[in-house]
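The basis for the numbers below is simple: all heavy atoms, side chains too, and nothing from hydrogens, waters or symmetry mates. So that the names make sense, note that chain A is the first sequence line, chain B the second, and so on, each numbered from 1.
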Amino acid sequence: MPRLAYSFPEEVLEHVFSFIECDKDRGSISLVCKSWYEIEAWCRRRVFVGNCYAVSPATVVKRFPKVRSVAIKGKPHFADFNLVPEGWGAYVFPWIKAMAAAYPWLQEIRLKRMVITDECLELIAKSFKNFSVLVLTSCEGFTTDGLAAITANCRNLRELELRESEVEDICGHWLSHFPDSYTSLVSLNISCLGNEVNLSALERLVSRCTNLQTLRLNRAVPLEKLANLLRGAPQLVELGTGTYSTEMRPEVFANLAEAFSGCKQLKSLSGFWDVLPSYLPALYPVCSSLTSLNLSYATIQSSDLIKLVSQCESLQRLWVLDYIEDAGLEVIAASCKDLRELRVFPSDPFGLEPNVALTEQGLVSVSEGCTKLQSVLYFCRQMSNAALDTIARNRPNMTRFRLCIIEPRAPDYLTREPLDAGFGAIVEHCKDLRRLSLSGLLSDRVFEYIGTYGKKLEMLSVAFAGDTDLGLHHVLSGCDNLRKLEIRDCPFGDKALLANAAKLETMRSLWMSSCLVSYGACKLLGLKLPRLNVEVIDERGPPDSRPDSSPVEKLYIYRTVSGPRLDMPGYVWRMEDDSALRVS
Amino acid sequence: MWQRNHKSSEERKLELRLGPPGEESPNESIKKCNRERNESSLTLGYFSTQKISSSDKPGPGGAMLPSAWPSTSYHQHQPKAKASFLQLQSCPKNMIVMGKDVPQLCCVENKTFSPSSANTAVSKRTASGPVVGWPPIRSFRKNIASGSTSKLPSGSHQHQHVVKDKVAGKNSGKGLFVKINMDGVPIGRKVDINAYDSYEKLSSAVDELFRGLLVELNLSHVGSSSCYSGQRDSCAGGNQNKEEEKKANTGLLVGSGEYTLVYEDNEGDRMLVGDVPWHMFVSTVKRVRVLKRSDLPAFTHSSKQN
């Protein structure tokens, strides 16, 4: 039989494969035959590790020897909401160490929800001569000293982004460590830093880096300094302001307005802490070309928000506080016809009573007026099945729908019924829905709908919902493309989990906290499914000290090819599998 | 960490059962079903072999929930189920910290699991307190609304509310959450300093946080209020406090004075809690630690003279 694979020289195959960027496709290529596996591995330049514990650094480095760009994710999503205790893990050091040895030409590191120390940053600065991109999203564990190591040593740095990370802000001089000869900065995001950076160093940096496209300042940068920075970088495409407030002075305003009008390429704005509304008109020159606007820190009234947003006819992404109110969303529905993504955050999440006139109606308006709307994150205090049904029918092109009704288990406020039918309509009509977050009063029925219709669903977040294990069973047995499932405070126990145990190997991860899964069931899962890590998180002490029937506090199950992780803290127990037991 | 000492009883315990956690004797026919199938390949069909209760709604495959299961509906009050739920209520209610947010180790969840309260959970959230991680927003979005009320701020007051926050850019004026670790306790907590207005209240909250994890806790050092109210000179170096604290000995915490509070300030230095006025402490504190008194450097134990 002719060996077709060998009819092309390897270089040709390599060249062909170089056009394949998508990880999934690369994975498929590698399964064709052994030589394709090898060639593909040899020429893979980007690796994405969705769960840092699913595979070991050694395995990755061994299979893909020529990687230039790495992206790794660590903690489960619910860590964002303080559900994962400190010290849980997701340390990037083993990865950096392995890559320092294996990838001297590594250029890009992108991390999400990982712990990265100053030591790691120093190792990066020392080991990768061509290092150019560092993006740390929701990371923690490092200080500005570590950043100084990066800025001092990485001559080819192009992107340095600290997105929503926890940085211990020791000293603002880390930015000054960029040598005067350094001019290659393209993207700088320091928005999460608490303290001031050296402003004159920043100004000099910004004006000498003529390729700078993204500049996201932190709150500590005063408004008076913004005009100068803008003048130094009129080519900016993305800007995050610092605090957007100072004493109202006409000359400051004029200066700012002029600086903004000089920025002809500006497409994205963010920042806007402490907004003084009278300074907002300085933005008007750039509004019509804006595609992305993040006003989620702007504590200003609906009328001021409306004046601004109504001019942004090209807007595709809008993040805003619920101060926008239904009235503001109606204006958006009329003005922002290109809107693709809307996020409305709560200004007073812990208040018991509504503080703003934002209801389900706002979302309905936008779903009617914005025909391209496909991604929604909406916090509100009331919802109805009728509204959800309308939204679903209006927007069958919805791909991400996250609704958070602030009161747990809140029913349809008109009929007092569960919101099963409403969410059912969403999954039924939005056939391409990939991500869904539920809230409100929900019975097992909503899960029946999700299992029946949510065939493309990849990520589902559930809280305070369901009646019995049947709910969980519907999801696990029905959602063919489910990758991530996170559940909290639901009465789901052992039955559905055990009945669908094999499903867990087809998913990236499952998180369940404050549910009814027993320790015994966890042990059983760990025993029977060696390719999963079944980790019980319990801060009350060893689960062995309680009966097998006792529910565990939290459970995190993920598939892995590298067995147990070695860095579990004292409150995490991995359920052992058969192989370990046979030895004894 | 997980020892398998009694293999046969372990295996019995691991046997797949039909009943909810806590049920001792599963239905015999179900047991036979168990043995016939591999646990991991149980399917929906397994559900449908059971007796159908008229109150149950049918699922997609025509499966019904067997009436043999006591906790058919989560909202029904089931004494048997409650027995196992109680195990989650091991944390005392007083571990709920004052302030708007609750630290990670949440014991409010005992409310969630009590079946009798599930019926009332549908109604408005009341004084039972906030739930950890809900609503699901990141910490830096939690205290956005400026000022003491949640009403919309008017334009003229805007610039007066500019807050220069000193703690990692996450907390803006309202909540000042700092980490608090304690010797001997591997898992730290977080406490909202802004929720208190005095050292006494803080130490009382710290006491509640760590009570039950360690037997004795005495934060007598911070109890003394006279050490900073207008007597700065005598407080230098903290030597004066030694006298004060022996007298004051905050009655909040019973114990031998084995522990004390220290904190890390915005310059990275470790400081003894209680030396400076409360508002100054609030503006410079970055994290707090509960230390064994014996770990403190010698000068704080010595007599008044330097």
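- Residue Pro349(A) comes nearest to Pro135(B) through the heavy atom pair O-CG, 3.6 Å, listed as atom of the first residue, atom of the second, then distance.
- The line from CZ of Arg138(B) to OG of Ser296(A) is 11.5 Å long, rounded to the nearest 0.5 Å.
- Here the side chain of Trp134(B) pairs no donor or acceptor atom with the backbone of Glu407(A) at under 3.5 angstrom.
- Within the 4.5 angstrom heavy-atom criterion, no atom of Ser461(A) approaches chain B.
- With a 4.5 Å cut-off on non-hydrogen atoms, Phe78(A) does not touch chain B at all.
- Evaluated for a salt bridge (Lys or Arg N to Asp or Glu O under 4.0 Å) with Glu86(A), the options Arg189(B), Arg287(B), Lys179(B) yield exactly one hit, Lys179(B).
- Contact between Asn82(A) and Val132(B) at its shortest, heavy atoms only, is O-CG1, 4.0 Å.
- Residue Ile405(A) touches chain B through its backbone alone, counting heavy-atom pairs closer than 4.5 Å.
- In this structure, Lys286(B) and Asp169(A) approach most closely via the heavy-atom pair NZ-O, 4.2 Å.
- The line from CD1 of Ile406(A) to CD1 of Ile137(B) is 7.5 Å long, rounded to the nearest 0.5 Å.
- Under the side chain to side chain contact (heavy atoms under 4.5 Å, CB included) criterion, Thr143(A) pairs with Asp118(A), Asp145(A), Glu168(A), Ile170(A), sequence neighbours left out.
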